[in-house]
Amino acid sequence: MPLLQVLRPTLPILIGASIMLTLSMGLRQSLGIFMQPLTHDIHISISDFTLALAVQNLAWGFLQPPAGALTARYGFRPIMIAGALMYIAGLALMATANGLVSIMIGAGVLIGTSLACTAAAIAMSVAARAVPATVRSTVLGIVSGAGSLGALLSAPIGQMLNEGFGWRIGLAGFVIMSVLMIPAAWYAGRVDRIPLPKPAADEIDDATAAAAARTAFGNASFVVMTCAYLVCGMQLVFLTTHLPSYLAICGLDPMLSAQTLGMIGGFNVLGSLFFGWAGQRWNKLALLGGIYILRSLALAWYFTLPATPFSTLLFGAIMGFLWMGVGPLVAGAVAEMFGLRWQAMIQGLAFMSHQIGSFLGAYGGGVLYDALGSYTMAWRIGVALGLAGGIVQVAFALIRPSQPPAPVLRTA
């Protein structure tokens, strides 16, 4: 049966999830554009700004499991709409900020909390529930790819507004764009009407949240995936936060940073589609490790050569292809190992590790730059850890394929 025919009944849900994801991720990934003018204008340091983004990543990571657990109890729609409202409030507070406290609350706490309710773990769980298992990985790749268009649009728009009217107007433009998350979340919330499929004997169904978490951390494949996921967050958030500053230091056109982020967003689409397709056919965890290894090699290549517009755009294309492809692979692996009922929460548990890495990438990169006056040590650390994590992930996936979870006690 053609894929479009299979998906037609749930297209509004998938489109809503994709739009919500593309806005929540695209706007967040473009905040680094405003770092230089914002910090200069309100008299805070680069490390202060990156600390706010690090808080954002920690809030996102540590609140992701509770947000996922709440969807199992109350449904997806109320959680996603609450997240959209917090995103709007966080951007508005940033646009009117006059000091570190507003940036910390807006960019850090509010947007971080919002991402736990609107970003990849929730959007992927919505998509996974809406489609049959036979096309799930492919559809997750499509939703992840559609969710990648946000950076392709928001980065150039933000840069044009920033250069033409100042950073406050640029962030005000982001506020207007974020309002579209509300109707997107509403349509995606239709997934609550779809009953869960009858669970297989080896899936977690009506266990409590605590029992589901214990089962997840008792699975060796899940634990290795979670540990390697830290490297993913560290590399990606280091780039989205510090690449605009690095290019400015190299004396390149400020618009190049927006073009590169847009290039990342565009190739995100191709990478998400490819890895969604590949995950339907090959070992998802081995593919994840391969992504981490290739990213690390690309980082080493780019930062060891003088930065030029061509090399920067090519680097953006390579990293973009390897960027959001992890989304369908992680989501698909969790669904295969543990079923759908607790997918959002268990994926959130893995994502906590990712966000600890994001904290290190955003704040650690800023601290190292302030201390050493360059990004050399930061990217070297990112390359070394990326290669180590990727090699361990591939080796474990091939030596010990993922096993179904052990049976858990059911609640009445």
Side-chain angles (χ1 to χ4, degrees), residues 22-57 59-60 84 86-112 114-115 150-181 237-265 312 316 358 361-363 365-366 369-370 375:
T22 200
L23 289 169
S24 65
M25 293 298 292
L27 296 175
R28 169 213 174 236
Q29 289 171 358
S30 303
L31 291 179
I33 289 171
F34 306 107
M35 179 163 62
Q36 292 285 350
L38 184 153
T39 54
H40 177 76
D41 191 30
I42 66 174
H43 308 295
I44 63 175
S45 68
I46 295 292
S47 57
D48 287 335
F49 184 84
T50 56
L51 177 60
L53 297 186
V55 168
Q56 174 195 109
N57 284 289
W60 180 8
M86 283 187 284
Y87 210 119
I88 295 167
L91 287 172
L93 192 57
M94 283 187 71
T96 57
N98 289 303
L100 179 60
V101 173
S102 297
I103 297 296
M104 194 68 68
I105 296 173
V109 177
L110 286 174
I111 294 181
S114 169
L115 288 164
L152 185 64
L153 299 173
S154 60
I157 290 173
Q159 186 63 46
M160 286 188 293
L161 292 173
N162 182 35
E163 289 187 344
F165 304 98
W167 65 270
R168 292 188 189 274
I169 298 299
L171 283 169
F174 277 16
V175 172
I176 295 171
M177 294 170 66
S178 67
V179 172
L180 295 175
M181 292 173 64
V237 175
F238 170 75
L239 283 178
T240 55
T241 304
H242 296 285
L243 185 60
S245 177
Y246 176 75
L247 295 178
I249 293 168
C250 294
L252 297 173
D253 186 347
M255 182 56 76
L256 181 62
S257 62
Q259 292 169 343
T260 304
L261 292 176
M263 184 72 77
I264 288 172
T312 301
S358 298
Y363 185 54
Y369 176 77
D370 284 347
Y375 285 113

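The structure displayed is predicted, hence computed values, not measured ones.
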**Request:** Using atom types as modelled and distance alone, determine if a side-chain donor or acceptor of Thr260 lies under 3.5 Å from a backbone N or O of Leu256.
**Result:** yes
**Asked** Would you say Gln56's side chain and Ile111's backbone share a donor-acceptor pair under 3.5 angstrom?
**Response**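 A pair under 3.5 Å: no.
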Approximate separation, where rounding is to 0.5 Å, of [X] [atom1] and [Y] [atom2]:
X: Leu161; Y: Glu163; atom1: CG; atom2: CD; answer: 10.0 Å
X: Trp167; Y: Leu31; atom1: CH2; atom2: CG; answer: 11.5 Å
X: Met35; Y: Leu53; atom1: CE; atom2: CG; answer: 8.0 Å

Show every donor-acceptor pair shorter than 3.5 Å between a side-chain atom in residues 170-181 and any protein atom, with sequence neighbours excluded, or say none if there are none.
| residue | atom | partner | partner atom | Å |
| --- | --- | --- | --- | --- |
| Ser178 | OG | Phe174 | O | 3.4 |
| Ser178 | OG | Val175 | O | 2.6 |

**Item:** Partner residues of Thr312 under the side-chain hydrogen bond (donor to acceptor under 3.5 Å, both in side chains) criterion, sequence neighbours left out
**Value:** Tyr302
**side-chain hydrogen bond (donor to acceptor under 3.5 Å, both in side chains) involving Ser45 - partner list, sequence neighbours excluded** = Ser47, Asp48
**Message:** Please find the pair of heavy atoms, one from Ser154 and one from Gly26, that lie closest to each other, and give the distance.
**Reply:**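 Closest pair (atom of Ser154, atom of Gly26, distance): OG-O, 3.0 Å.
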**Asked** Who are the ring pair (Phe, Tyr, Trp, His ring centres under 6.0 Å) partners of Phe238, not counting sequence neighbours?
**Response** His242, Tyr375
**Message:** Using side-chain heavy atoms (C-beta onward) and a distance below 4.5 Å, is Leu38 in contact with Ile44?
**Reply:** yes
Taking only distance into account, with no hydrogens and no angle test, what donor-acceptor pairs under 3.5 Å do side-chain atoms of residues 87-101 form with protein atoms, sequence neighbours excluded?
| residue | atom | partner | partner atom | Å |
| --- | --- | --- | --- | --- |
| Tyr87 | OH | Ser24 | O | 2.7 |
| Tyr87 | OH | Arg28 | N | 3.1 |
| Thr96 | OG1 | Ala92 | O | 3.0 |
| Thr96 | OG1 | Leu93 | O | 3.3 |
| Asn98 | OD1 | Arg168 | NH2 | 3.2 |

